[in-house]
There are 2 protein chains.
Amino acid sequence: MELFVSTFVNKIDKKGRVSFPSIFRNALPKDYKNEIILYKSLRQNSIEGCSVKRINEIADRINNLDLFSEDEEDFSTSIFSEIIPTNLDSEGRFVIPETLKKFSQITTEATFIGQGYYFQILEPQRAKQKQKLSRTRLVERKKSLSAILKENNK
Amino acid sequence: MELFVSTFVNKIDKKGRVSFPSIFRNALPKDYKNEIILYKSLRQNSIEGCSVKRINEIADRINNLDLFSEDEEDFSTSIFSEIIPTNLDSEGRFVIPETLKKFSQITTEATFIGQGYYFQILEPQRAKQKQKLSRTRLVERKKSLSAILKENNK
DNA sequence: TGGGATTATATGGGCGTCAATGGGAATAAA
DNA sequence: TTTATTCCCATTGACGCCCATATAATCCCA
């Protein structure tokens, strides 16, 4: 599985380290097994992250934008200046940067949420709320979901 | 047969393992023989599951959605974060995750119900009720069903 | 076609490996 | 030196892998 999927709650130790979930590690491209990219989510007060490979791909796309567009400016500012490359140690752990910890209000535990090509890291209580809400909204909009699922049967 | 069909009741052992029915195993695509995907059903308090292949197809659909839409966020949260990739052991068994067990109220036995492209896992008592109900409803609506089938054959 | 023989499936249990976590020593930075 | 970061080793519990058995299904041949 080359996607970030599932949800895991891991502890943060005295040194500030937390295990990056094993199956997330397996989802990292072979050439970048020990490095992840972290940044502030644009959607909510949470951390988002992805592989180095994905950042490279995004960079390519930005390069193809009109160089003088506002979008280009916004993207490069908010993405490149804010991302934090982070190394995993030999046990697959990393230290959550202080700024991101504050931003996401994470203290002693962190919930890792798989989102396919990227992942989120949230304070566990918030994570539960978020998942509950998403699920509720999705059930309400069952029709659009079943449309997506049915297309797959073709 | 590449579909999940028929119904089976299997025991859960001390370690929490349960056999994935043999003919369900045969319904898995050759490249993903030992892995299934489990998740909470959106319809009722039961477990649903499918092959990795099917999830990959769904992932593609989601990735084609507008990256910043609310739908994208809900879909990827509810689907990517809630699915649980699960490996079958060499005897074709797997462990039902604790959260899913609670959600579906499964304890010592599990009923596997084939649903074509996916399958359900229910607590046996509930499974019986469900099947009874489905059958009753179907008989009641036989007429409209046959109308639907005829319509589709055109 | 009957019935023993073979195979497959569901189930049980032992054991080694790995993931998550903790902590000390070594190294680097301030 | 003091603080922070990285590397290495230890522990524990969960999980996967292997072997074993029993019941059920299938086969095969006389």
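These values consider heavy atoms only, across backbone and side chains, with no hydrogens, waters or symmetry-generated copies.
Contact record, B:P124 with B:V9: CG-CG1, 4.2 Å, taken as the closest heavy-atom pair. In terms of heavy atoms, B:I83 sits closest to B:I79 at CG2-O, 2.9 Å. Nearest heavy-atom pair across B:S19 and B:N10 is O-ND2, 2.8 Å. Here the closest non-hydrogen pair linking A:T107 and A:I12 is O-CD1, 3.5 Å. Nearest heavy-atom pair, A:L3 versus B:A59, reported as atom, atom and distance to 0.1 Å: CD1-CB, 3.8 Å.
Atom CG in A:N87 sits about 13 Å away from atom C1' in D:dC7, given to the nearest Å. Taking atom CG on B:N10 and atom P on D:dA24, their separation rounds to 14 Å, with Å as the unit. Atoms CD (A:E35) and P (D:dT6) sit 12 Å apart, rounded to a whole Å. Between A:D89 atom CG and D:dC9 atom P the separation is 14 Å, expressed in whole Å. Rounded to an integer number of Å, the gap from B:E91 CD to D:dA22 P is 16 Å. If you measure from atom CZ of B:R17 to atom P of D:dC17, you get 12 Å, rounded to the nearest angstrom. With rounding to whole Å, A:F94 atom CZ is found 16 Å from D:dT6 atom C1'. Between A:L88 atom CG and C:dT21 atom C1' the separation is 16 Å, expressed in whole Å.
From A:E48, atom CD reaches atom CZ of A:R43 across 5.5 Å, with rounding to the nearest 0.5 Å.
By the ring-ring contact (aromatic ring centres under 6.0 Å, His included) test, B:F8 is found to be paired with B:F24, residues two or more places apart in sequence or in another chain being considered.
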Between protein and nucleotides 6-9 of chain C, what N or O pairs are separated by less than 3.5 Å?
residue: C:dT9; atom: OP1; partner: B:S22; partner atom: OG; Å: 2.8

At a cut-off of 3.5 Å, list every protein nitrogen or oxygen paired with a nitrogen or oxygen from nucleotides 12-14 of chain D, distance to 0.1 Å.
none

Between the protein and nucleotides 25-30 of chain C, list the N/O to N/O atom pairs that are separated by less than 3.5 angstrom.
none

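In this structure the side chain of B:F20 never reaches within 4.5 angstrom of the side chain of B:T86, judged on heavy atoms.
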Enumerate donor-acceptor pairs with a distance under 3.5 Å from any side-chain N or O in residues 95-102 of chain B to protein atoms, sequence neighbours excluded.
none

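Defined by atom type and a distance below 3.5 Å, a donor-acceptor pair is missing between the side-chain atoms of B:E82 and A:Q131. In this model, a donor atom of one side chain and an acceptor atom of the other lie less than 3.5 Å apart for B:Q115 and B:Q120.
Taking five base pairs at each end of the helix from C:dT1-D:dA30 to C:dA30-D:dT1 and finding the rotation axis that steps the C1' atoms of four pairs onto the next four gives two axes whose angle is 40°, to the nearest 10°.
Nucleic acid contact class of A:D13 (heavy atoms, under 4.0 Å, all strands): sugar-phosphate only.
Counting non-hydrogen atoms of other residues, nucleotides and ligands closer than 6.0 Å to NZ of B:K11 gives a total of 12 or fewer. Taking a 6.0 Å sphere around NZ of B:K33, one finds it holds more than 12 heavy atoms contributed by other residues, nucleotides or ligands.
Comparing D:dC8, D:dC17, C:dG13 by their closest approach to the side chain of B:S90 singles out D:dC17.
Side chain of A:T7 to main chain of B:S81: a donor-acceptor pair is present (N/O by atom type, distance under 3.5 Å, no hydrogens or angles).
Phosphate contact (OP1/OP2 of C:dA20, side-chain N/O of A:K11, threshold under 4.0 Å): absent.
Side-chain atoms of B:R93 and base atoms of C:dG12 include a donor and an acceptor less than 3.5 Å apart.
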